[in-house]
Participant: 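First the structure, which I've put down as structure tokens, then a few questions once you've had a look.
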Amino acid sequence: MEENKQGASKSPTGAIAQLEEFLNEYLVKKAPFAIPAGGKEFIVKIAPYLIIIFAILAIPAILVGLGLTAIFAPFAFFAGSFGTGFFLSAVFSLVAFIIELMAVPGLFARSKKGWNFAFYASLASLVGSLLAFNIVGGIIGAIIGWYILFQVKELYK
């Protein structure tokens with residue numbers, strides 16, 4: 001791998017590691033306030049259950065979204081990049097959904113792997129929002145989600 005002047009790798013995992021360090025710096029170390037220990041413990045306990053509940057509730061919406069994407073795919077060709085962005089947004093939403101489900105066992109076990117999957121799902125969700133031109137909503141949602149995720153990170157080993 002090529003390395004830049006700071007010694008960081010140009011690989012995608014290197015970029016994710018840099019993003020993780022940046023977010024840890026500003027959402028944990030320099031955060032204006034921290035979630036109390038009891039609140040962190042509560043979040044860690046209920047997070048896997050919330051993911052399961054929201055996954056069950058999201059299945060019909062995802063199926064409808066993918067179905068509509070398939071129905072309108074021929075028309076999306078004429079829409080140009082907007083149609084492509086909508087399709088890619090649906091794909092990234094599905095990817096985020098699958099990664100969140102993959103995170104559940106690790107979140108129950110409080111493993112770093114589970115936390116990593118939750119972080120990757122948030123990244124996929126952000127990309128999907130950006131591709132759907134929901135830029136402001138995607139960024140605000142990502143920042144709130146990352147704040148909570150990074151605040152509880154220390155409880156995952």
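One is the number of the first residue; the rest follow in order along the sequence.
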Participant: Can you hop from V136 to I143 via hydrophobic side chains spaced under 4.5 Å?
Facilitator: yes
Participant: Looking at every heavy atom in both I35 and K40, which two are closest together, and how far apart are they?
Facilitator: O-CE, 3.1 Å
Participant: Working to the nearest 0.5 Å, report the span between CG of L126 and CD1 of I140.
Facilitator: 12.0 Å
Participant: Give a yes or no on whether V104 and I59 share a hydrophobic cluster (residues Ile, Leu, Val, Met, Phe, Trp, Tyr; joining criterion: side-chain heavy atoms under 4.5 Å apart).
Facilitator: yes
Participant: Please find the pair of heavy atoms, one from L27 and one from Q151, that lie closest to each other, and give the distance.
Facilitator: O-NE2, 2.7 Å
Participant: Does F117 belong to the same Ile/Leu/Val/Met/Phe/Trp/Tyr cluster as I53, with side-chain heavy atoms less than 4.5 Å apart forming each link?
Facilitator: no
Participant: Between atom CG of L130 and atom OG of S125, what is the distance when rounded to the nearest 0.5 Å?
Facilitator: 9.5 Å
Participant: Grouping I, L, V, M, F, W and Y whenever their side-chain heavy atoms are under 4.5 Å apart, do Y26 and I139 come out in a common cluster?
Facilitator: yes
Participant: Under 4.5 Å between side-chain heavy atoms, counting indirect links through other Ile/Leu/Val/Met/Phe/Trp/Tyr residues: same cluster for F119 and L50 or not?
Facilitator: no
Participant: Roughly how far apart are L19 CG and N24 CG, rounded to 0.5 Å?
Facilitator: 11.0 Å
Participant: Within the structure provided, determine whether I52 and F108 are in side-chain contact (heavy-atom separation under 4.5 Å).
Facilitator: yes
Participant: Aromatic contact between W115 and F150, with the criterion being ring centroids under 6.0 Å apart: yes or no?
Facilitator: yes
Participant: If I compare all heavy atoms of G138 with all of S129, which pair ends up nearest, and what's the gap?
Facilitator: CA-CB, 3.6 Å
Participant: Minimum heavy-atom separation for L101 and A55, please, with both atom names.
Facilitator: CD2-CB, 3.6 Å
Participant: Do V28 and K153 make a side-chain contact, defined as non-hydrogen atoms from C-beta onward lying under 4.5 Å apart?
Facilitator: no
Participant: Are the aromatic rings of F54 and F97 close, with centres under 6.0 Å apart?
Facilitator: no
Participant: Take W146 and S122, measure what side-chain contact (heavy atoms from CB on, under 4.5 Å) needs, and give me the verdict at the end.
Facilitator: CA-CA 8 Å; W146 288 338; S122 72; 2.7 Å; yes
Participant: Quick one: does F22's side chain get under 4.5 Å of Q18's, heavy atoms only?
Facilitator: no
Participant: Ion pair present between E41 and R110, side-chain N to carboxylate O less than 4.0 angstrom?
Facilitator: yes
Participant: Does V44 form a side-chain contact (heavy atoms from CB on, under 4.5 Å) with L107? I'd like the steps, not just the answer.
Facilitator: CA-CA 8 Å; V44 169; L107 294 176; over 6 Å; no
Participant: Tell me, please, which residues at least two apart from K112 pass side chain to side chain donor-acceptor pair (under 3.5 Å).
Facilitator: E20, N116
Participant: Using every non-hydrogen atom in the two residues, find where Y147 and A34 come nearest and quote the distance to one decimal.
Facilitator: OH-CA, 3.7 Å
